[in-house]
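In what follows, every chain begins at residue 1, and chains take the letters A, B, ... in the order their sequences are listed. Just so you know, these numbers use all the heavy atoms, side chains as well, and skip hydrogens, waters and symmetry mates. Given the structure is predicted, the values throughout are model-derived calculations rather than measurements.
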There are 2 protein chains.
Amino acid sequence: MNSNALITHIRQYTSLNNEEAVLLEGSVEIRELKKKEFLLKEGEICTANYFIIKGLLRSWFTTEKDAEQICQFAIENWWMTDYQSLELRQPSGFNIQAVESTTVACLPRDRQDALFAAVPQLERYFRIILEKALNAAQLRVKYIFSLSGQERYDHFAGGFPEFIQRIPQYMLASYLGFTPEFLSKIRAKRIS
Amino acid sequence: MNSNALITHIRQYTSLNNEEAVLLEGSVEIRELKKKEFLLKEGEICTANYFIIKGLLRSWFTTEKDAEQICQFAIENWWMTDYQSLELRQPSGFNIQAVESTTVACLPRDRQDALFAAVPQLERYFRIILEKALNAAQLRVKYIFSLSGQERYDHFAGGFPEFIQRIPQYMLASYLGFTPEFLSKIRAKRIS
DNA sequence: CGATTCTTTGAAAACAGTCAATCTGTGTGG
DNA sequence: CCACACAGATTGACTGTTTTCAAAGAATCG
């Protein structure tokens, strides 16, 4: 698997000639991850931005009560990283882990500046990508605050039925902000 | 009041010579808002990105139960807009409103592309700003999920003591995701 | 098949919301 | 300058949603 998916994605948002595409390909590294493999662990400094060519990542952290709290899922054509750790070179408070067998393109932090200098349109590409990501994060906050647990499940299950198949229920429960037991009870009600 | 604060802010993240600064000044419009004045109302299409020179904005929406749910506060040197409405020219699901008397620099959507073409470093500036904003949004989700109402109040009150002075408690309660009554009870406990 | 991981179920408890009444402060108009 | 109105804050009783804990039941993987 190669970086064609990434180049195609970038060309949806900005121009990129073949020379530039070659520069990009020289700056990213394709990595194959097995299910449950980590790209980042809490306490480590995040070293790259990850673009998902195929598969599914999750980011999560450990709460004070030793529970896993899932922050985000990322599927094909999404970027995932911890920007705070990446840009400030600080230890991260998050884990990034493959939910299923996954292929990513890694853009290492130490190659990013040179690449952006050589291909300035990438600044534009990431600006647009980040606008979308920020929007998604804000919509998430909106749903968390305006919907009950039951409603969040209905909304999510209705909006992403195919996605539900790819993740275990305990991860969905964590993402939606409640316990696996409660999700189980919601489903029991729904079926009857 | 003029756009010096904005130019100073941009120069913290990227270069900007005097010609470029003039182009920028020609593209933004300074606006004075009275307390409670709106920059955007639910259902309208958002037409600009707003940089706060002085004052305090909040973004909020109306829940199904007709309650105001606050999404964000923004103070001096922050940008606020609804990117989804701005970029896709869709009706917004949010309100943006002055909490106190506020001065903003407005960058209208219909001038943005020409400005970015003339001053490409602004793509970089906004990329960096958006990374920070995305980070803040993700930390917010982290706190919502890992802390109880009581803990969220303690964390916020400890982290931004001066900010607490600027907003009424019912707004803080909404931002933290609980009712004004509950906040009142938290405070009663803390004092004793 | 055995072992682990995931899901379901039920009872008790905790946390936060709702509603209604009261209290406080602030600003405005007469 | 006072009185009143109104927005915001507090309090208490009651309700409801979600969690916790413990145990048992399915499903999946090597």
Side-chain angles (χ1 to χ4, degrees), chain A residues 33-38 56 58 60 62-70 73 95 97-101 141 143-157 163-192, chain B residues 34-38 56 58 60 62-70 73 97-101 141 143-157 163-192:
Chain A
L33 301 169
K34 280 179 244 162
K35 185 170 172 173
K36 298 197 179 173
E37 204 172 335
F38 285 83
L56 174 53
R58 63 170 179 147
W60 57 278
T62 310
T63 67
E64 286 170 16
K65 289 165 195 154
D66 268 348
E68 290 178 9
Q69 176 59 55
I70 294 182
F73 292 109
N95 305 278
Q97 188 185 19
V99 174
E100 56 190 45
S101 152
V141 173
Y143 291 129
I144 291 169
F145 281 140
S146 63
L147 303 178
S148 68
Q150 169 101 246
E151 289 168 328
R152 288 203 298 281
Y153 175 75
D154 291 344
H155 180 264
F156 195 89
F163 187 72
I164 299 274
Q165 309 300 322
R166 293 170 73 176
I167 53 171
Q169 291 191 13
Y170 78 92
M171 285 192 193
L172 178 59
S174 173
Y175 178 75
L176 293 176
F178 44 71
T179 59
E181 292 93 331
F182 184 61
L183 176 52
S184 194
K185 283 160 193 169
I186 288 174
R187 287 165 51 84
K189 270 196 219 160
R190 254 171 106 40
I191 292 158
S192 63
Chain B
K34 280 180 244 160
K35 185 172 172 173
K36 298 196 179 174
E37 204 172 334
F38 285 83
L56 174 54
R58 63 170 181 149
W60 57 277
T62 309
T63 66
E64 286 170 16
K65 290 166 197 155
D66 267 347
E68 291 180 7
Q69 175 59 54
I70 294 182
F73 291 108
Q97 189 185 19
V99 175
E100 57 190 45
S101 152
V141 173
Y143 292 128
I144 291 168
F145 281 141
S146 63
L147 303 179
S148 69
Q150 167 102 246
E151 290 167 328
R152 288 204 297 283
Y153 175 75
D154 291 344
H155 180 266
F156 196 88
F163 186 72
I164 300 275
Q165 310 300 321
R166 294 170 73 176
I167 52 171
Q169 291 191 13
Y170 78 92
M171 287 192 193
L172 178 58
S174 174
Y175 177 76
L176 293 176
F178 44 71
T179 59
E181 292 94 331
F182 184 62
L183 176 53
S184 198
K185 284 161 193 170
I186 288 174
R187 287 164 51 84
K189 268 196 220 162
R190 260 174 94 57
I191 292 158
S192 62

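- Here the side chain of F178(B) is nearest to one of dA9(D), dT8(C), dA16(C), namely dA16(C).
- Phosphate proximity of dT10(D) to R187(B): present, with a side-chain N or O under 4.0 Å from OP1 or OP2.
- Listed candidates were dT7(C), dT18(D), dT10(D). Nearest to the side chain of S184(B) is dT10(D).
- Annotation: Y143(B) is not in aromatic contact with F156(B) [ring centroid separation under 6.0 Å not met].
- A sub-4.0 Å separation between OP1 or OP2 of dG17(C) and a side-chain N or O of T179(B) is present.
- Proximity of Q169(A) to the phosphate of dT8(C): a side-chain N or O atom is located under 4.0 Å from OP1 or OP2.
- F38(A) and W60(A) have tilted rings, their planes meeting at an angle from 30° to 60° on a 0 to 90° scale.
- The side chain of P168(A) has dC6(C) as its nearest neighbour among dG17(C), dT9(C), dC6(C).
- The CD1 atom of I70(A) sits 11 Å away from the P atom of dC6(C) (whole-angstrom rounding).
- Distance alone, capped at 3.5 Å, is enough to place a donor-acceptor pair between the Q97(B) side chain and the K36(B) backbone.
- When rounded to the nearest whole Å, the span between OH of Y170(A) and P of dT4(C) equals 16 Å.
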Review point. Hey, mind stepping through F73(B) and F163(B) against ring pair (Phe, Tyr, Trp, His ring centres under 6.0 Å) and telling me if it holds?
Key: CA-CA 10 Å; F73(B) 291 108; F163(B) 186 72; 5.4 Å; yes

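- Without hydrogens or angle criteria, S174(A) side chain to E68(A) main chain gives a donor-acceptor distance under 3.5 Å.
- Here the side chain of E181(A) is nearest to one of dC6(C), dT11(D), dT8(C), namely dT8(C).
- Taking atom CD1 on I186(B) and atom P on dC15(C), their separation rounds to 12 Å, with Å as the unit.
- Atom-to-atom, CZ of F182(A) to P of dG10(C) comes out at 16 Å; the value is rounded to the nearest Å.
- Spacing between atom NZ of K34(A) and atom C1' of dG30(D) amounts to 15 Å, rounded to whole angstrom units.
- Per the geometry, CD belonging to E151(A) stands 14 Å off C1' belonging to dT18(D), to the nearest Å.
- Between the P atom of dT7(C) and the CD1 atom of I164(A) lies a distance of 12 Å, rounded to the nearest Å.
- In this structure, L183(A) places its CG atom 11 Å from P of dT19(D), rounding to the nearest Å.
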